[in-house]
There are 2 protein chains.
Amino acid sequence: MNDKVSDLVDQMKRCGYKVTNQRELILKEFTEKGGHLSAQEVYENVRKVIPHISLTTIYRNIEMLIDIGVLCPVELASASDGSALYEINRIHDHHHHLVCTKCGKIIEFNMCLFQEIGKKLSSITQFKIDEHRLKVFGRCPKCQHGR
Amino acid sequence: MNDKVSDLVDQMKRCGYKVTNQRELILKEFTEKGGHLSAQEVYENVRKVIPHISLTTIYRNIEMLIDIGVLCPVELASASDGSALYEINRIHDHHHHLVCTKCGKIIEFNMCLFQEIGKKLSSITQFKIDEHRLKVFGRCPKCQHGR
DNA sequence: ATATAAATGGTAATGACTTTCATTTAGAAT
DNA sequence: ATTCTAAATGAAAGTCATTACCATTTATAT
Ligand SMILES: [Zn+2]
Ligand SMILES: [Zn+2]
Ligand SMILES: [Zn+2]
Ligand SMILES: [Zn+2]
């Protein structure tokens with residue numbers, strides 16, 4: 001269990017949840033590689049270690065981890081299939097996603113001119129603005145053939 | 001059939017599709033009121049005129065109307081339930097949505113500072129950028145009590 | 001009026017996700 | 001170390017939006 005995972009496990013403990021192999025492995029998945037995963041992807045990966053794990057357990061724990069602020073849904077629904085993606089919730093690292101519509105590759109970026117828009121929008125509409133989501137679609141260098 | 005609807009019907013004809021009551025009524029729905037509708041909402045409204053219409057017909061025609069550029073999905077998945085919303089595709093009227101998370105009210109706005117971000121993003125990542133989606137969440141004046 | 005491909009309606013299927021419930025287990029109490 | 005108990009898990013059934021299938025109906029060209 002690496003440092004990142006053990007920090008998250010601690011956070012889980014502090015919230016009163018028990019530590020199970022299933023939970024440790026689910027957390028491990030999200031700390032690795034790109035870290036933008038669907039429940040199904042987590043399931044397939046964790047199953048290599050715990051073959052009898054249930055998909056239900058994946059869904060349940062993703063939900064719990066969102067509740068305690070460890071994970072968050074990746075804004076905007078899935079890439080091409082209809083499933084949701086999740087990632088580690090990096091509160092101090094506001095970012096958005098640039099997605100290749102051909103291969104699904106996801107690039108993160110933190111340029112964000114929303115504050116300006118937000119202020120104007122708020123004064124015009126009288127809404128209290130809580131959050132915003134920006135997602136950009138395009139084709140990565142490898143996928144730029146044809147239209 | 002009002003002017004707006006008959007324009008859209010013409011567009012449909014030009015694309016080789018037949019004109020049916022079902023199609024006229026579906027188009028009518030989208031030209032009225034807010035015009036941000038789910039398949040289920042269209043179904044319920046059209047059913048008042050054609051009680052035997054099938055939900056399948058709604059889905060099929062929404063898809064067809066997206067294909068020919070008359071409709072488009074409202075960016076980002078549904079309000080609170082899990083269903084998709086659609087609206088008339090206003091090509092020359094780039095806009096985004098501000099949604100009240102309490103009552104679902106949708107406000108449209110066209111402030112958009114994306115071009116700046118887009119250029120930088122494109123030169124940094126070498127992606128060809130095709131589209132972007134921005135959606136803002138907040139609480140409307142009527143719903144700003146408590147947190 | 002007739003022919004025919006397209007459109008429709010009803011029903012079944014799909015797929016992501018949730019619920020239910022019987023069994024197992026982490027962690028506390030002894 | 002053993003026992004206890006609420007929490008966690010797994011298997012299976014249930015939801016709900018959307019799609020696929022197929023027999024029947026209908027818009028439009030002839
Ligand atoms: Zn991310
Ligand atoms: Zn509201
Ligand atoms: Zn709109
Ligand atoms: Zn924009």
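A, B, ... follow the sequence lines: proteins, then strands. Residue 1 opens every chain. Side chains are part of it too, since the values below use all heavy atoms of this structure and drop only hydrogens, waters and symmetry mates.
Residue side chain B:Ser38 does not reach the base of D:dA17 through any donor-acceptor N/O pair under 3.5 Å, judged by distance alone.
Between A:Glu32 and A:Lys4, no side-chain nitrogen of the basic residue sits less than 4.0 Å from a carboxylate oxygen of the acidic one, so the salt-bridge criterion is not met. Ion pairing of B:Glu108 with B:Arg90 is present here, as a side-chain N (NZ or NE/NH1/NH2) and a carboxylate O approach within less than 4.0 Å. Ion pairing between B:Lys120 and B:Glu116 fails under the 4.0 Å rule for side-chain N and carboxylate O.
Under 3.5 Å, the side chains of A:His96 and A:His94 contain a donor-acceptor pair of N or O atoms.
Interatomic distance, B:Leu85 CG to B:Glu41 CD, rounded to the nearest 0.5 Å: 6.5 Å. Rounding to the nearest 0.5 Å gives a distance of 11.0 Å between NE2 of A:His97 and CZ of A:Phe137.
Across all strands shown, A:Thr56 has heavy atoms under 4.0 Å from base atoms, whether or not it also approaches the sugar-phosphate. Counting non-hydrogen atoms under 4.0 angstrom, B:Gln22 reaches the backbone sugars and phosphates but no base.
Using cut-offs of 30° and 60° on the angle between ring planes, the pair B:Phe30 and B:Tyr86 is perpendicular. Ring geometry for A:His95 against A:His36 counts as perpendicular: the plane angle is over 60°, on a 0 to 90° scale with 30° as the lower cut.
The stretch residues 60-70 of chain B comes close to DNA chain C through B:Arg60, B:Asn61, each having a heavy atom under 4.0 Å from the strand.
Remark: P of D:dT25 and CD1 of B:Ile50 are 17 Å apart, rounded to the nearest angstrom. Straight-line distance from the CZ atom of A:Arg23 to the P atom of D:dA7: 11 Å, rounded to whole Å. The CE atom of A:Met12 sits 12 Å away from the C1' atom of D:dA7 (whole-angstrom rounding).
Comparing A:Asn21 and B:Leu55 by the nucleotide of DNA chain D that holds the closest heavy atom to each, the one mapping nearer the 5' end is A:Asn21. Nearest-nucleotide positions on DNA chain C place B:Lys18 closer to the 5' end than the other of B:Lys18 and B:Ile53.
On the nucleic acid side, DNA chain C has its first and last nucleotide under 4.0 Å of a heavy atom of chain B at C:dA5 to C:dT11, going 5' to 3'.
Dashed line: the shortest gap from a side-chain N or O of A:Thr57 to OP1 or OP2 of D:dG10 is under 4.0 Å.
Taking all atoms of both residues into account, the shortest heavy-atom contact from A:Pro141 to B:Thr125 is CG-O, 3.8 Å.
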